There are 2 protein chains.
Amino acid sequence: MFSKACKYAVKATIYIAVQSGQNTRTSLKDISAKIDSPEAFTAKVLQVLVKNQVIESLKGPLGGFFISNEAAKLITLSHVVYLIDGTETFNSCGLGLKECSECRPCPMHHKFQRIRSELKEMIEKTTIYELVLKVGEGESFLM
Amino acid sequence: MFSKACKYAVKATIYIAVQSGQNTRTSLKDISAKIDSPEAFTAKVLQVLVKNQVIESLKGPLGGFFISNEAAKLITLSHVVYLIDGTETFNSCGLGLKECSECRPCPMHHKFQRIRSELKEMIEKTTIYELVLKVGEGESFLM
DNA sequence: CATATAAAGGACAGTTTTGTCCGAAATTAT
DNA sequence: ATAATTTCGGACAAAACTGTCCTTTATATG
């Protein structure tokens with residue numbers, strides 16, 4: 001469904017936001033330990049998020065990654081997913097037809113489209129902050 | 001969502017079933033032309049379907065691939081999808097947690113699980129025959 | 001039996017995804 | 001300034017996925 005890179009990105013973003021709530025920057029090392037991901041690979045993914053201003057970073061001692069509560073309330077799952085995996089999974093034909101629409105659908109179109117719209121709506125409406133709260137309250141886990 | 005191999009497999013199975021309705025075997029060449037897929041790669045995918053008795057094949061002139069209407073009524077999208085892509089997409093955690101359940105969920109669990117169950121149910125309940133009818137009636141297309 | 005046809009199967013190549021390593025650049029503290 | 005720390009960025013490597021080519025095997029027909 002989502003690529004590994006994307007799963008790492010989502011979990012990392014959530015974890016960074018949890019830590020940022022305590023106003024502390026989070027190091028790559030800490031992140032990859034807490035979300036159980038390969039450190040160097042996670043670094044690459046986070047660089048994309050930083051470049052696209054989903055999260056912030058600072059080099060040096062006391063450096064690390066950061067995302068404010070305000071930002072976490074504005075950023076949704078879809079922001080991260082679309083950045084890392086692109087939008088094809090959510091917009092192109094489920095069976096790979098070059099053109100697939102109501103007018104000229106693939107045989108799976110109607111059933112598939114309905115479900116995928118729900119998935120799309122879910123990631124577009126779910127904010128990182130919502131997920132942070134669950135982790136913060138110990139209701140949910142990142143590894 | 002689905003791999004290319006899986007998309008080819010589904011489209012090929014449907015096309016073979018459409019043709020089998022006229023009681024004619026379908027050649028690989030014909031299949032890959034009609035579903036717009038690379039011939040040799042499609043061959044590999046079809047071999048898996050044959051080995052697992054989703055479709056039948058016969059070598060030689062007048063040879064080709066075949067699936068009876070009766071079989072097409074029993075075989076669902078999930079048969080093909082699980083064979084080619086495996087079940088991980090439909091059973092494992094959306095964020096890649098090794099263990100993820102109601103008791104110990106990832107932050108996306110509840111929202112994700114609901115939608116994925118619908119997707120799972122859809123592919124498990126949709127028969128190939130249903131899709132064949134749509135293509136047969138010119139309502140749906142394979143390329 | 002000889003020949004033609006079509007799937008089966010093995011080997012291999014290209015591409016994408018995933019993952020690692022290491023030096024460069026920036027920041028903090030001494 | 002110097003040293004220590006941490007992200008950034010480039011190069012590279014491994015694995016998975018996609019795709020091709022060619023030989024072998026099975027079947028039908030003359």
Side-chain angles (χ1 to χ4, degrees), chain A residues 1-13 15-16 19-20 24-67 81 83-86 88-89 95-96, chain B residues 1-13 15-16 19-20 24-67 81 83-86 88-89 95-96:
Chain A
M1 194 81 76
F2 306 116
S3 69
K4 287 191 175 186
C6 185
K7 293 172 187 170
Y8 298 152
V10 169
K11 287 185 286 189
T13 303
Y15 181 66
I16 292 165
Q19 295 303 106
S20 297
T24 49
R25 290 198 183 81
T26 316
S27 73
L28 173 62
K29 200 168 192 171
D30 189 21
I31 294 167
S32 59
K34 296 296 169 40
I35 70 172
D36 188 28
S37 70
E39 198 173 316
F41 187 64
T42 306
K44 299 294 184 193
V45 176
L46 292 184
Q47 278 170 35
V48 175
L49 298 184
V50 170
K51 265 191 190 161
N52 289 275
Q53 300 166 340
V54 171
I55 59 180
E56 295 171 76
S57 73
L58 190 72
K59 295 180 187 176
L62 301 195
F65 298 90
F66 188 84
I67 178 174
V81 171
L83 260 181
I84 306 298
D85 279 352
E88 203 185 333
T89 308
L95 290 182
Chain B
M1 193 80 77
F2 306 116
S3 69
K4 286 189 175 187
C6 185
K7 293 172 188 171
Y8 298 152
V10 169
K11 287 185 285 187
T13 303
Y15 181 66
I16 292 165
Q19 295 304 105
S20 298
T24 50
R25 292 197 182 81
T26 315
S27 73
L28 172 62
K29 200 169 191 171
D30 188 21
I31 294 166
S32 60
K34 295 296 168 40
I35 70 173
D36 188 27
S37 70
E39 198 173 315
F41 188 64
T42 306
K44 300 294 183 194
V45 176
L46 293 183
Q47 280 170 34
V48 176
L49 299 184
V50 170
K51 264 192 192 160
N52 289 276
Q53 301 165 339
V54 171
I55 58 179
E56 294 171 75
S57 72
L58 191 73
K59 296 180 185 175
L62 300 194
F65 298 90
F66 188 85
I67 179 174
V81 171
L83 262 181
I84 305 297
D85 279 352
E88 203 186 332
T89 309
L95 290 183

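Every value quoted in this text rests on a predicted model; they were computed, and no experiment measured them. Each chain gets a letter, A, B and so on, in the order the sequences are listed, and its residues count up from 1.
- The nearest heavy atom of DNA chain C to B/A43 and to A/S3 marks one nucleotide each, and the one closer to the 5' end goes with B/A43.
- Of all the heavy atoms in A/D30 and A/Y15, the pair that sits closest is OD2-OH, 3.0 Å.
- In this structure, the side chains of B/F2 and B/D85 come closer than 4.5 Å at one or more pairs of heavy atoms.
- In this structure, the nucleotide among D/dT7, C/dT28, C/dA8 sitting nearest to the side chain of A/L62 is C/dT28.
- When the shell of 6.0 Å around CD of B/Q53 is examined, it contains 12 or fewer heavy atoms from other residues, nucleotides or ligands.
- Atom P of nucleotide C/dT16 and atom CD of A/E88 are separated by 12 Å, given to the nearest angstrom.
- With the nearest nucleotide of DNA chain C identified for both A/P61 and A/K4, A/K4 has the one nearer the 5' end.
- Judged by closest nucleotide on DNA chain D, B/T42 is the one of B/K59 and B/T42 placed further toward the 5' end.
- Taking atom CG on A/N52 and atom C1' on D/dC8, their separation rounds to 15 Å, with Å as the unit.
- In this structure, A/F66 atom CZ and D/dT6 atom P are separated by 17 Å, rounded to whole Å.
- With rounding to whole Å, A/F2 atom CZ is found 14 Å from C/dT18 atom P.
- Residues A/V48 and A/V54 are not in side-chain contact: their nearest non-hydrogen atoms beyond the backbone lie 4.5 Å or more apart.
- Proximity note for A/F41 (side chain, C-beta onward) versus C/dT20, C/dA8, D/dT7: the nearest is C/dT20.
- Distances were taken from every side-chain heavy atom of B/K44 (C-beta onward) to each of C/dT20, C/dG19, C/dG9; the shortest belongs to C/dG9.
- In this structure, the nucleotide among D/dA4, D/dC8, C/dG19 sitting nearest to the side chain of A/P38 is C/dG19.
- If you measure from atom CG of B/L28 to atom C1' of D/dG19, you get 13 Å, rounded to the nearest angstrom.
- Projected onto DNA chain D by closest heavy-atom contact, B/Y8 and A/L58 fall at different nucleotides, the more 5' of which corresponds to A/L58.
- At a cut-off of 3.5 angstrom, the base of C/dG9 holds no donor-acceptor pair with the side chain of B/K51.
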Checklist entry - After noting the C-alpha distance and the side-chain angles of A/T42 and A/S32, does the key distance pass the side chain to side chain donor-acceptor pair (under 3.5 Å) rule? => result CA-CA 7 Å; A/T42 306; A/S32 59; 5.6 Å; no

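- Computed from coordinates, the A/L46 CG to D/dG9 P distance equals 13 Å when rounded to whole Å.
- For A/S27, counting side-chain heavy atoms from C-beta on, the closest listed nucleotide (D/dA28, D/dT18, D/dT7) is D/dT7.
- In this structure, A/F65 places its CZ atom 14 Å from P of C/dT27, rounding to the nearest Å.
- Residues A/L46 and A/I31 have side chains in contact (heavy-atom distance under 4.5 Å, counting atoms from C-beta outward).
- Comparing atom distances between the B/S57 side chain and each of C/dA7, C/dT18, D/dT18 picks out C/dA7 as nearest.
- Applying the 3.5 Å distance criterion, the base of D/dG19 shares no donor-acceptor pair with the side chain of B/E39.
- A/S32 comes within 4.0 angstrom of no nucleic acid atom, judged by non-hydrogen atoms across all strands.
- The distance between atom CD of B/Q47 and atom P of C/dA11, rounded to the nearest whole Å, is 14 Å.
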